[in-house]
Amino acid sequence: MTVDSKRADSRSTQDICFTALTMVRGESDIVWSSLLHHARLGFQRLIVISYLEHDFLRQCIDKLRRDFPAVEVDLVELESQGHFGRRKAFYVNRALSLFIDPKKENYVYCFDADEFLSLGSHASIGDFFAAFLAGLPAGAREGAVGECFALPWLNLIPQRRHYAERDLSGQFLDGDYLCVDTRQNSRHKVLFRKRSGTRVHMAYHQAFAGEKDVPVLPDPETLKFVEASGACVYHVPLRSPDQFRARLEGPMRRVMIQTGSGQSPAHAELPFDIADALFSACTASQPRFASLAEAADVFGEAITDRKIRAITRFIYRHRVDVGPVLSSAK
């Protein structure tokens, strides 16, 4: 290591506990692939929050505990259906406070069931952090760097179109993918140091410190290290026609309710008999339309609504063939 021995002794990865947390409802086609992937990355603790749909996830947890006996796997089952969206951050941060030992130095990474952390050239989270420590300049102040790692969030399109439900084979870890983002224009997910007053945002894009929600920002050394390592988070939101239809149905219903009440401009209703054609356009090997507005001439103005764009924006974005990127991210 290039750091001095005193700092190496005080911030050795042997003294750090790495925790990964996810909150899951459904997504039985991809959740086991995601849990398996993160267990392989060397996290000492996995916290899984199950929301309403517990049966299949219990099978996943049992298998995870059998296959990775050295990993602490904690399961929290939630039954409440009230105001989930506004309380997600509360559930996540409450679970972290329950399971993390405050006497240790803790780093936390939170992910959704359709996300896969890639550590770039590093095989495990411990190797990743050890390499970061090794590259710190000798004058770096203890505790002043490495509080937050901002990881580019890159959307992938699988080249397969059909996946089994309730899968326990890890089917998403093999196969080829197209990427529709670059590191420069992506959003970020965070790996952050969990202190007593540190909380994570409900979408896991930001960590906050203190009661006034002061953002924990990555320092220049951390930003440089993440960029050099190639670390990122891969997101697989559109996976099959049936999953796409189910994902689209909720936002479409909200758009139509708003349209009927006069709260938003009128949008042409999207007939669900063309949902398969819309999925095909969103997941094509190259975009068939130059813009979302151009696609709206075919599929209707509803696809340009703010609530729908998170799903349909893939329709016009350029793709790059990244091959078996999740396999290489193991």
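Position 1 is the first residue of the sequence, and the numbers go up from there. Keep in mind that this is a model prediction, so the values were computed, not measured.
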With [X], which residues qualify under side-chain contact (heavy atoms from CB on, under 4.5 Å), at least two apart?
X      : answer
Asn93  : Ala89, Leu96, Arg199, Val200
Ser121 : none
Lys224 : none
Arg247 : Asp114, Pro237, Leu238, Gln243, Ile311

Are [X] and [Y], when compared by the centres of their aromatic rings, separated by less than 6.0 Å?
X      : Y      : value
Phe18  : Phe129 : yes
Phe116 : Phe172 : no
Tyr91  : Tyr51  : no

Show me the side-chain donor-acceptor pairs of residues 152-161 shorter than 3.5 Å, one per line, residues at least two apart or across chains.
{"from": "Trp153", "atom 1": "NE1", "to": "Glu115", "atom 2": "OE2", "distance (Å)": "2.9"}
{"from": "Asn155", "atom 1": "OD1", "to": "His235", "atom 2": "ND1", "distance (Å)": "2.7"}
{"from": "Asn155", "atom 1": "ND2", "to": "Asp181", "atom 2": "OD2", "distance (Å)": "2.8"}
{"from": "Arg160", "atom 1": "NH2", "to": "His162", "atom 2": "O", "distance (Å)": "3.0"}
{"from": "Arg161", "atom 1": "NE", "to": "Thr283", "atom 2": "OG1", "distance (Å)": "3.4"}
{"from": "Arg161", "atom 1": "NH1", "to": "Pro158", "atom 2": "O", "distance (Å)": "2.5"}
{"from": "Arg161", "atom 1": "NH1", "to": "Gln159", "atom 2": "O", "distance (Å)": "3.4"}
{"from": "Arg161", "atom 1": "NH2", "to": "Thr283", "atom 2": "O", "distance (Å)": "2.5"}

Which residues share a side-chain hydrogen bond (donor to acceptor under 3.5 Å, both in side chains) with [X], sequence neighbours left out:
X      : value
Thr198 : none
Asp55  : Arg166
Thr182 : Asn185
Asp176 : none

For this session: Could you tell me which residues satisfy ring pair (Phe, Tyr, Trp, His ring centres under 6.0 Å) with Tyr316, sequence neighbours excluded, listed by chain and number?
Result: none
For this session: Could I get the full list of ring pair (Phe, Tyr, Trp, His ring centres under 6.0 Å) partners for Phe192, not counting sequence neighbours?
Result: none
Exercise. Less than 4.5 Å apart, any side-chain heavy atom of Tyr204 and any of Val92?
Worked result: yes
Exercise. Do Thr22 and Leu46 come close enough that some side-chain heavy atom pair is under 4.5 Å?
Worked result: no
Problem set entry | Pair Ser28-Glu165, side-chain donor/acceptor within less than 3.5 Å | yes
Distance-only check: which donor-acceptor pairs under 3.5 Å involve side-chain atoms of residues 287-299, not counting sequence neighbours?
{"from": "Arg288", "atom 1": "NH1", "to": "Ser280", "atom 2": "OG", "distance (Å)": "3.3"}
{"from": "Arg288", "atom 1": "NH2", "to": "Ser280", "atom 2": "OG", "distance (Å)": "3.2"}
{"from": "Ser291", "atom 1": "OG", "to": "Glu294", "atom 2": "N", "distance (Å)": "3.1"}

Exercise. Under the 3.5 angstrom rule, does the side chain of Asn106 hit a backbone N or O of Asp101 as a donor-acceptor pair?
Worked result: yes
For this session: In plain terms, say whether Lys88 and Asp112 are close enough for a salt bridge, that is, a side-chain N and a carboxylate O under 4.0 Å apart.
Result: yes
